[in-house]
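A quick write-up on the structure given underneath.
Computed from a predicted structure; not experimentally measured. Whatever order the structure lists them in is the order used to number ligands and atoms, beginning at 1. The chain is numbered in sequence order, starting from 1.
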Amino acid sequence: MDKQAVIDQLNECLKHEWTGVAQYSQAGFIVEGMWREVYADKFLSDAKESFGHAKLVGDKIAALGGVPSVLRNEVKQSRDIREVLQFSLDFESKAVEMYTHALELADDNRALVVFLEDILKEEQEGVDEYTKLLRETPATQADQVSSKKIS
Ligand SMILES: [Fe+2]
């Protein structure tokens, strides 16, 4: 295993997790109207998941002798809930890619492979969840439901 290559890739993962902390937190803060009831807690919970992963990855980078990054990438922002859900799916898909690449670099270190697989599994669950949410949203949008008067 090329330790420096692993540390570098884990730092890319860490920057992505810091991005998730900010992006999901803001999405939770600003969601308004009826969607607030549906999504505010979910976005804040996803921010906490990103922080949880950041903690795991930051500790691992330090254990390997590296310096955990304090940087993050660009945060995607929108007040359009469907756009926020798409940003979230994109975010989770990128996380799957990044941890998959870290796994390739860790190939002969079984403990590190297991560590990364646990996180990767949760990132894939995020992809699955946002894929399903985006599939469901059009049918549940209030503005697409025709109202009928009761006579
Ligand atoms: Fe994550």
Has [X] got an N/O/S atom less than 2.8 Å from the Fe ion (ligand 1)?
X	answer
E123	yes
H53	yes
E122	no

Taking 4.0 angstrom as the limit, do [X] and [Y] come out as a salt bridge?
X	Y	value
K42	D46	yes
K15	E12	yes
K132	D128	no
E117	K121	no

